[in-house]
K.L.:
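I am attaching a structure below and will ask some questions about it afterwards.
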Amino acid sequence: MKKEKMTGTVVPLGALYTKENAVIGEFPDLVPFAEFCKASGLSIIQLLPVNDTGTQSSPYSGLSAFALHPIYIRIKDVPSFETLYKDNEKFKKEYDSFIEKNPYVLRYKYDSVLTGKIRLLQLIYEQSDICKNGKPTEELSKWIKANGWVKTYAVYKNMKLHYQQASWKTWIENDRTKSKEEILELWNTKAFEKEHLFFAWVQMIAAGQFKAAVDEVHKMGILIKGDMPILMNEDSCDAWAYPQFFNQNLRAGSPADGDNPSGQNWGFPTYNWKNLKAENYSWWKDRLKFAEKYYDAYRLDHILGFYRIWAIPSGDCNALNGHTEPYAFIKRDELYEAAFDDNRIRWLSQPHIPTGVVEDITWNHDVAVKILSLLCDRVGNEELWLFKKTIEGSQQIWDTSFNDICNQDAVFRIKEKLVKYWSDRTLIEIAKNKFIPLWTYSKSTSWGTLNENEKASLQKMFESLDEKNNKLWKKQADEIFAAITAGLKMVPCGEDLGVNIPCVPEVMKKNNILGLRVIRWCRNWGAEGQPYEDFDAYEPLSVATTSVHDSTTVRQWWQDEKQSVKAFIQANPDFKASENDEFSPEIAQSYMKTCAKAKSIWYISPLQDFLYMKKKYWLKEAADERINIPGTVTEFNWTYRLPCTVEDLLGDNELIKKIRDIKR
């Protein structure tokens with residue numbers, strides 16, 4: 001990688017708005033945007049993921065690790081478009097209707113744009129020699145041969161179409177599981193050839209447009225940084241075709257914290273690293289090698305997941321009973337040696353539910369017993385219950401019906417209580433006679449009943465697990481990074497936000513992986529006043545940024561997070577402003593220049609934060625300039641668009657000068 005400091009910007013491809021193209025940003029739009037970047041002295045364009053996500057608008061919900069998203073194809077640049085538009089009235093009408101139905105809006109309509117583009121691509125394909133002859137052209141044959149993954153993808157996409165986009169987990173049993181040989185047999189089935197070739201043809205068009213744009217960007221001396229989501233959607237081509245690489249009985253997420261008291265369950269399957277390693281990480285290697293066709297650098301999303309992932313049983317609705325993968329454990333014999341007998345171990349590892357918990361809601365002892373009997377077994381003759389062995393997760397509690405026993409309001413409150421009890425334990429029996437502490441064990445009923453000696457004894461075991469886990473995680477990440485990054489020209493970057501595990505920076509540095517430093521979050525959180533870190537203290541092997549796609553923009557941060565703004569001003573006396581000042585283009589410019597002092601080798605910030613240096617590019621509400629609001633699923637998320645055309649930016653010499661003045 002180049003050793004000099006560089007400045008760049010992050011933009012979702014769909015956000016680009018050009019005079020020629022008002023619907024959604026497309027692959028060719030990278031070229032005029034790169035011209036603006038070059039004029040502004042920006043050396044790096046970072047994109048959000050551009051892989052096919054099917055019906056999901058989130059770019060981090062990949063339907064395929066390899067396929068590009070057809071939504072970014074420029075229809076007018078598809079071969080034979082001009083002839084078809086001129087000679088075929090039906091096609092002309094469809095295309096004109098698509099443009100008319102999707103005018104420029106600040107938030108594009110994902111479903112409408114995707115549906116319209118697929119329809120237009122199908123119409124073009126139907127008039128092609130490929131469709132008419134039922135055979136690939138020489139060009140397509142060569143492309144398929146060079147991109148073997150597309151056969152599996154095409155078969156999967158065709159089956160998704162057959163099942164009306166339903167998850168592969170709902171397909172008939174024979175279709176849910178297919179070997180490599182069976183998938184290849186389907187690809188070669190004459191009856192499906194035209195359909196399969198359509199999806200391959202679309203991918204060839206997308207790849208051609210993306211590569212042509214990338215080549216032009218590179219001619220301008222600008223680097224492109226891609227984004228590799230660590231996880232795949234459970235309803236993805238890869239999870240279906242390579243089940244050996246995914247743990248479908250576990251879901252990835254994050255443990256409980258201040259903002260998320262129940263943790264986060266992202267719904268994506270975790271990786272089976274043992275099986276990936278057995279095949280020399282071929283799937284990951286192929287994925288990165290494919291990405292290298294387009295990118296000079298890549299962002300590894302949630303890099304902590306390569307060390308350890310927070311794994312949640314698929315039957316749980318929240319993340320409280322999750323655990324790290326891999327994990328060190330306490331043996332039952334170790335608990336015996338610490339004077340915990342079987343009854344005491346049961347008390348620590350299984351929730352004990354008093355009858356009164358339900359009776360307080362039903363006001364009837366017999367009704368409470370009847371309800372508890374559906375989910376629990378009584379402990380002897382006590383007014384105490386244990387969940388049945390058949391209960392494998394909190395979702396089963398929600399799914400159990402007892403509406404005929406009590407009213408709906410009571411049903412909800414009872415289930416809410418029982419779900420809470422599901423995570424009321426100190427230990428999780430992770431496997432037979434193997435135990436780990438619940439992440440929130442200190443809040444459990446059983447922990448509160450222990451004497452100080454018992455607590456000290458367990459805490460000593462937990463500390464020992466921490467040391468063992470750190471070694472496990474370091475070993476796993478070291479092996480993975482050494483295998484998958486070797487031989488690549490792309491610069492690896494890791495999203496390591498909020499990571500407080502000793503081995504993470506050590507392994508990243510060893511493997512030359514750039515970390516991420518979001519300036520507003522780089523603070524000494526344990527010190528009085530939580531001061532900002534000095535810019536000179538930043539690890540050079542890192543990327544500094546003012547915001548990320550999941551955070552507020554600089555403008556909204558200034559408006560809504562006054563304590564953080566005040567701390568920033570205190571840490572940077574040369575920054576002449578008060579936290580009470582109204583946000584302005586001058587403040588935006590001063591802030592961007594101040595942050596550029598970070599010692600990080602790269603300084604890559606969202607385009608919105610650069611645009612704040614001219615008020616004409618502001619939307620009425622700062623909140624409308626966000627890309628995503630975590631924890632929500634709405635049409636707002638991931639559909640941000642520039643408030644002006646790229647050509648407008650390219651002609652704005654004042655803005656260009658302001659960006660160029662951000663010296664590094």
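Sequential numbering from 1 along the given sequence is applied to the chain's residues. These numbers come from the heavy atoms of this one structure, side chains and all, not from hydrogens, waters or symmetry mates. Since this is a predicted model, take the numbers as computed values, not measurements.
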K.L.:
Using a strict cut-off of less than 4.0 Å between a Lys/Arg side-chain nitrogen and an Asp/Glu carboxylate oxygen, indicate whether Glu94 and Lys90 qualify as a salt bridge.
P.N.:
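Judged by the 4.0 Å cut-off on N to carboxylate O distance, Glu94 and Lys90 do not form a salt bridge.
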K.L.:
Does the pair Lys211/Asp215 count as a salt bridge with the N-to-O cut at 4.0 Å?
P.N.:
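Salt bridge present between Lys211 and Asp215.
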K.L.:
Check His302 against Glu495 and note the closest heavy-atom contact, atom names and distance.
P.N.:
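Heavy atoms only, the tightest pair is N-OE1, 3.1 Å.
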K.L.:
Which residues pass the side chain to side chain donor-acceptor pair (under 3.5 Å) test with Ser61, not counting sequence neighbours?
P.N.:
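Listed in chain order: Asn233.
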K.L.:
For Glu193, give me all partners under side chain to side chain donor-acceptor pair (under 3.5 Å), at least two apart in sequence or on another chain.
P.N.:
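Side chain to side chain donor-acceptor pair (under 3.5 Å) check on Glu193 returns Lys190.
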K.L.:
Determine whether more than 12 heavy atoms belonging to other residues, nucleotides or ligands lie under 6.0 Å from atom NZ of Lys285.
P.N.:
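Yes.
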K.L.:
Checking side-chain polar atoms at under 3.5 Å, does Asn628 have a donor or acceptor matched by the opposite partner on Tyr640?
P.N.:
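No - no donor-acceptor pair under 3.5 Å links their side chains.
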K.L.:
List the steps and the verdict of side chain to side chain donor-acceptor pair (under 3.5 Å) for Trp558 and Gln556.
P.N.:
CA-CA 5 Å; Trp558 185 276; Gln556 194 177 3; over 6 Å; no
K.L.:
Going by atom types only, do Asp286 and Trp149 share a side-chain donor-acceptor pair under 3.5 Å?
P.N.:
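No.
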K.L.:
Tell me which one of Phe198, Phe81, Phe199 satisfies ring pair (Phe, Tyr, Trp, His ring centres under 6.0 Å) with Tyr125.
P.N.:
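Exactly one option meets the ring pair (Phe, Tyr, Trp, His ring centres under 6.0 Å) with Tyr125, and it is Phe198.
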K.L.:
When you measure from the centre of the six-membered ring of Phe636, is the NZ or CZ of Arg107 under 6.0 Å away and within 45° of the axis?
P.N.:
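Yes, Arg107 sits over the ring of Phe636.
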K.L.:
Can you name the nearest heavy-atom pair linking Gly62 to Ser236, along with the distance?
P.N.:
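Heavy-atom minimum between the residues: O-CB, 3.4 Å.
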K.L.:
How long is the gap from CG on Leu47 to CZ on Phe33, to the nearest 0.5 Å?
P.N.:
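One finds 8.5 Å between CG of Leu47 and CZ of Phe33.
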K.L.:
One thing to verify: whether Asp661 and Lys657 come together as a salt bridge, which I'm taking to mean a side-chain N less than 4.0 angstrom from a carboxylate O.
P.N.:
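Yes, charged N to carboxylate O under 4.0 Å.
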K.L.:
For Ser547 and Arg520, work out which heavy atoms get closest and say how close.
P.N.:
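Minimum heavy-atom contact is OG-NH2, 2.9 Å.
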K.L.:
Considering only NZ, NE, NH1 and NH2 on the basic side and carboxylate oxygens on the acidic side, decide whether Lys92 and Glu89 come within less than 4.0 Å.
P.N.:
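Looking at Glu89 together with Lys92, the answer is no, because their closest N to O distance does not fall below 4.0 Å.
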K.L.:
When you compare the side chains of Thr632 and Asn637, does any donor N or O come within less than 3.5 Å of an acceptor on the partner?
P.N.:
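Yes, Asn637 and Thr632 have a side-chain donor paired with an acceptor closer than 3.5 Å.
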K.L.:
Count the heavy atoms of every other residue, nucleotide or ligand shown that sit under 6.0 Å from NZ of Lys132, and state whether that count exceeds 12.
P.N.:
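Atom NZ in Lys132 is packed in, count exceeds 12.
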K.L.:
Looking at Lys489 and Asp296, is there a salt bridge between them, counting it only when a charged N and a carboxylate O are closer than 4.0 Å?
P.N.:
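Looking at Asp296 and Lys489, the cut-off is not met.
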K.L.:
Taking the six-membered ring of Trp284, is NZ or CZ of Arg287 closer than 6.0 Å to its centre and within 45° of its axis?
P.N.:
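The answer is yes, since Arg287 meets both limits relative to Trp284.
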K.L.:
Kindly indicate, with the supporting measurements, whether the criterion side chain to side chain contact (heavy atoms under 4.5 Å, CB included) is fulfilled by Ile75 and Tyr95.
P.N.:
CA-CA 9 Å; Ile75 300 296; Tyr95 181 79; 4.0 Å; yes
K.L.:
Partners of Lys615 by salt bridge (Lys or Arg N to Asp or Glu O under 4.0 Å), sequence neighbours excluded?
P.N.:
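In terms of salt bridge (Lys or Arg N to Asp or Glu O under 4.0 Å), with neighbours along the sequence ignored, Lys615 is linked to no residue.
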K.L.:
Return yes when atom CD of Glu139 has more than 12 non-hydrogen atoms of other residues, nucleotides or ligands closer than 6.0 Å, and no otherwise.
P.N.:
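At most 12 heavy atoms, drawn from other residues, nucleotides or ligands, come within 6.0 Å of this atom.
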K.L.:
Using every non-hydrogen atom in the two residues, find where Leu514 and Ser542 come nearest and quote the distance to one decimal.
P.N.:
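Reported closest heavy-atom pair: CG-N, 3.9 Å.
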K.L.:
Quiz question: by atom type and distance under 3.5 Å, do the side chains of Thr18 and Asp29 form a donor-acceptor pair?
P.N.:
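Judged by distance alone, the side chains do pair up.
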K.L.:
Kindly write out the residues that satisfy ring pair (Phe, Tyr, Trp, His ring centres under 6.0 Å) with Phe568, not counting sequence neighbours, or none if the list is empty.
P.N.:
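If we apply the ring pair (Phe, Tyr, Trp, His ring centres under 6.0 Å) test to Phe568, skipping adjacent residues, the hits are Tyr532, Phe575, Tyr591.
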K.L.:
Grab the two heavy atoms, one from Lys597 and one from Phe535, that are nearest each other, plus how far apart they are.
P.N.:
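Heavy-atom minimum between the residues: O-CB, 3.9 Å.
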K.L.:
If we count only N and O atoms by modelled type, under 3.5 Å, do the side chains of Asn147 and Lys293 hold a donor and an acceptor together?
P.N.:
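Yes, a side-chain donor-acceptor pair sits under 3.5 Å.
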K.L.:
Determine, step by step, whether Glu138 and Lys142 satisfy the salt bridge (Lys or Arg N to Asp or Glu O under 4.0 Å) criterion, reporting the C-alpha distance in whole Å, the side-chain angles of both residues, the deciding distance to 0.1 Å, and the verdict.
P.N.:
CA-CA 6 Å; Glu138 184 179 351; Lys142 286 181 178 179; 3.5 Å; yes
K.L.:
What pairs with Phe27 under ring pair (Phe, Tyr, Trp, His ring centres under 6.0 Å), at least two apart in sequence or on another chain?
P.N.:
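With sequence neighbours excluded, Phe27 shows a ring pair (Phe, Tyr, Trp, His ring centres under 6.0 Å) to Tyr72, Phe210, given in chain and number order.
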K.L.:
Hey, is the main chain of Met613 close enough, under 3.5 Å, to the side chain of Lys658 for a donor-acceptor pair?
P.N.:
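Checked: pair present.
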K.L.:
So, does Ser141 use its side chain to make a donor-acceptor pair with the main chain of Thr137 at under 3.5 Å?
P.N.:
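Checking the backbone N and O of Thr137 against the side chain of Ser141, a donor-acceptor pair under 3.5 Å is found.
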K.L.:
Any Lys/Arg nitrogen of Glu26 or Lys117 sitting under 4.0 Å from an Asp/Glu carboxylate oxygen of the other?
P.N.:
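So Glu26 pairs with Lys117 through a salt bridge.
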K.L.:
How are the rings of Phe290 and Tyr294 set relative to one another: parallel (under 30°), tilted (30 to 60°) or perpendicular (over 60°)?
P.N.:
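If you compare the ring of Phe290 with that of Tyr294, the planes turn out perpendicular.
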K.L.:
Between Tyr298 and Asp227, does a side chain to side chain contact (heavy atoms under 4.5 Å, CB included) hold up when you go through it step by step?
P.N.:
CA-CA 5 Å; Tyr298 61 103; Asp227 197 331; over 6 Å; no
K.L.:
Salt bridge between Glu20 and Arg74, side-chain N to carboxylate O under 4.0 Å?
P.N.:
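Salt bridge present between Glu20 and Arg74.
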K.L.:
Cut-off 3.5 Å, side chains only: do Thr546 and Asp609 have a donor facing an acceptor?
P.N.:
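Side chains of Thr546 and Asp609: pair found under 3.5 Å.
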K.L.:
For the pair Phe66 and Tyr153, evaluate side chain to side chain contact (heavy atoms under 4.5 Å, CB included) and give the outcome as yes or no after the intermediate values.
P.N.:
CA-CA 9 Å; Phe66 301 91; Tyr153 168 78; over 6 Å; no
K.L.:
May I have the step-by-step check of ring-ring contact (aromatic ring centres under 6.0 Å, His included) for Tyr60 and His549, ending in yes or no?
P.N.:
CA-CA 11 Å; Tyr60 295 93; His549 58 257; 4.9 Å; yes
K.L.:
Side chains of Tyr612 and Glu625: donor-acceptor distance under 3.5 Å anywhere?
P.N.:
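The criterion, which ignores hydrogens and geometry beyond distance, is satisfied for Glu625 and Tyr612.
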K.L.:
Do Glu654 and Lys614 sit within salt-bridge range, that is, some charged N less than 4.0 Å from a carboxylate O?
P.N.:
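Lys614 and Glu654: salt-bridged.
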K.L.:
More than 12 heavy atoms of other residues, nucleotides or ligands under 6.0 Å from CD of Gln165: yes or no?
P.N.:
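Above 12, so yes.
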K.L.:
Check the pair Ile130 / Trp201 against side chain to side chain contact (heavy atoms under 4.5 Å, CB included), numbers first and verdict last.
P.N.:
CA-CA 9 Å; Ile130 301 169; Trp201 173 79; 3.6 Å; yes
K.L.:
Can you name the side chain to side chain donor-acceptor pair (under 3.5 Å) partners of Asp235, sequence neighbours left out?
P.N.:
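Testing Asp235 for side chain to side chain donor-acceptor pair (under 3.5 Å), a comparison that skips the adjacent residues, returns Tyr156, Lys160.
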K.L.:
Between Arg299 and Asp301, does at least one N-O distance fall below 4.0 Å, as a salt bridge requires?
P.N.:
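Salt bridge present between Arg299 and Asp301.
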K.L.:
Do you know which two heavy atoms are closest between Trp168 and Glu234, and how far apart they sit?
P.N.:
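Shortest heavy-atom separation between Trp168 and Glu234 comes out as NE1-O, 2.7 Å.
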K.L.:
Give a yes or no on whether a salt bridge exists between Arg517 and Asp496, defined as a side-chain N under 4.0 angstrom from a carboxylate O.
P.N.:
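Yes, charged N to carboxylate O under 4.0 Å.
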K.L.:
Look up atom CG in Leu63 and atom NE2 in His69, then write down how far apart they are to the nearest 0.5 Å.
P.N.:
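Interatomic distance, Leu63 CG to His69 NE2, rounded to 0.5 Å: 8.5 Å.
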K.L.:
Nearest 0.5 angstrom please: Cys493 SG to Ile513 CD1, how far?
P.N.:
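Interatomic distance, Cys493 SG to Ile513 CD1, rounded to 0.5 Å: 9.0 Å.
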